[in-house]
> 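I'd like to ask some things about the structure below.
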Amino acid sequence: MAMQITVNGEARTIAAAPMTPLVEVLREELFLTGAKQACSEGFCGACTVLVDDQPVAACLLPVGLVEGRAVRTVESLGTAGDGLSPLQAAMLEHDAVQCGMCFPGILMALTGLLERRPNASEAEIRSALAGNICRCTGYERIIEAALAASAALRQPEGATP
Ligand code: FES
Ligand code: FES
């Protein structure tokens with residue numbers, strides 16, 4: 001039986017069985033290929049998306065469990081044409097991307113953090129990336145870029161957003 005899920009603000013009707021991993025539905029049924037299916041075991045973070053604003057490994061989450069919840073993928077962030085998010089712009093400025101395989105997951109893990117914690121510290125950024133493996137950059141530029149994005153978003157503690 002078809003079910004409806006909300007992806008990047010749009011209601012989508014899904015034909016896949018409820019136990020199908022969310023990442024497969026995103027990539028193969030909705031053709032949202034930003035989230036990568038790499039390890040399929042929850043280890044690498046390449047498939048990270050936001051579900052109700054929380055980063056999750058979409059390879060481990062059956063699509064039936066996201067019915068009625070809001071899914072956001074990397075396609076919901078900015079584009080070169082429409083304007084990059086502060087996080088994307090900082091990654092570009094810091095030359096933090098190499099092959100890009102890990103990046104959709106890294107961007108969504110950090111987007112989730114910075115939405116919750118615009119004042120995120122380096123320790124919080126490192127913790128948010130604990131489930132995201134990058135084989136290329138050694139993380140330092142990624143963390144520097146995330147700190148720069150945090151600085152750009154920073155507002156006084158306790159201020160009303
Ligand atoms: S593909 Fe989901 S964590 Fe690696
Ligand atoms: S940029 Fe290549 S794996 Fe991260």
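Counting starts at 1 for both ligands and their atoms, following the listed order. These values consider heavy atoms only, across backbone and side chains, with no hydrogens, waters or symmetry-generated copies. Computed from a predicted structure; not experimentally measured.
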> May I ask you to list the atoms of ligand 1 that are less than 4.0 angstrom from any heavy atom of Gly42?
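Going through ligand 1 atom by atom, the ones under 4.0 Å from Gly42 are 3 (S).
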> Given atom 2 (Fe) of ligand 1 as the apex, I'd like the angle to SG of Cys47 and SG of Cys59, rounded to 10 degrees.
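The two atoms subtend 110° at atom 2 (Fe) of ligand 1.
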> Please name the pair of heavy atoms, one in Ala38 and one in Ala46, separated by the smallest distance, quoted to 0.1 Å.
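Looks like CB-CB, 4.2 Å.
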> When you measure from the side chain of Gln88 to the backbone of Ser85, do you find a donor-acceptor pair of N or O atoms at a distance under 3.5 Å?
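Confirmed, Gln88 side chain pairs with Ser85 backbone.
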> Looking only at atom types and distance, does a side-chain atom of Glu75 sit under 3.5 Å from a main-chain N or O of Asn8, one as donor and one as acceptor?
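No, because the side chain of Glu75 does not come within donor-acceptor range (under 3.5 Å) of the backbone of Asn8.
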> In ligand 1, which numbered atoms sit nearer than 4.0 Å to a non-hydrogen atom of Phe43?
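Near Phe43, the atoms of ligand 1 are 3 (S).
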> Just jot down the ligand 1 atoms closer than 4.0 angstrom to any heavy atom of Cys44, in number order.
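Those qualifying, in numeric order: 1 (S), 3 (S), 4 (Fe).
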> Please work out whether any backbone atom (N, CA, C, O) or any side-chain heavy atom from C-beta onward of Ala58 is under 4.0 Å from ligand 1, and answer side chain, backbone, both or neither.
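Neither; nothing of Ala58 gets under 4.0 Å from ligand 1.
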> So Glu124 and Ser121, side-chain contact (heavy atoms from CB on, under 4.5 Å) or not? Walk me through it.
CA-CA 5 Å; Glu124 288 171 316; Ser121 66; 3.4 Å; yes
> Could you list which atoms of ligand 2 come closer than 4.0 Å to a heavy atom of Gly100?
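Here the atoms of ligand 2 in question are 1 (S), 2 (Fe).
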> For Arg135, counting its heavy atoms only, list the atoms of ligand 2 lying under 4.0 Å from any of them.
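Within the 4.0 Å cut-off of Arg135, ligand 2 contributes 3 (S).
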> What's the SG-atom 2 (Fe) of ligand 2-SG angle here (Cys136, Cys99), rounded to 10 degrees?
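Rounding to the nearest 10 degrees gives 100°.
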> Considering the heavy atoms of Cys39, write down every atom of ligand 1 situated less than 4.0 Å from one of them.
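Going through ligand 1 atom by atom, the ones under 4.0 Å from Cys39 are 1 (S), 3 (S), 4 (Fe).
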> Verify side-chain contact (heavy atoms from CB on, under 4.5 Å) between Gln54 and Arg116, making sure each step is shown before the conclusion.
CA-CA 9 Å; Gln54 297 299 318; Arg116 290 191 308 281; 3.9 Å; yes
> Identify whether Val56 and Leu113 are in the same connected component of the hydrophobic contact network (ILVMFWY, side-chain heavy atoms under 4.5 Å).
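As far as the 4.5 Å side-chain criterion goes, Leu113 and Val56 are not connected within one cluster.
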> Could you tell me which atoms of ligand 1, counted from 1 in the order shown, lie closer than 4.0 angstrom to a heavy atom of Ala38?
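Every atom of ligand 1 under 4.0 Å from some heavy atom of Ala38: 1 (S).
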> Could you check Leu107, Thr33, Val49, Thr48 and say which one makes a side chain to side chain contact (heavy atoms under 4.5 Å, CB included) with Val74?
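Going through Leu107, Thr33, Val49, Thr48 one by one, the side chain to side chain contact (heavy atoms under 4.5 Å, CB included) with Val74 is satisfied by Leu107 alone.
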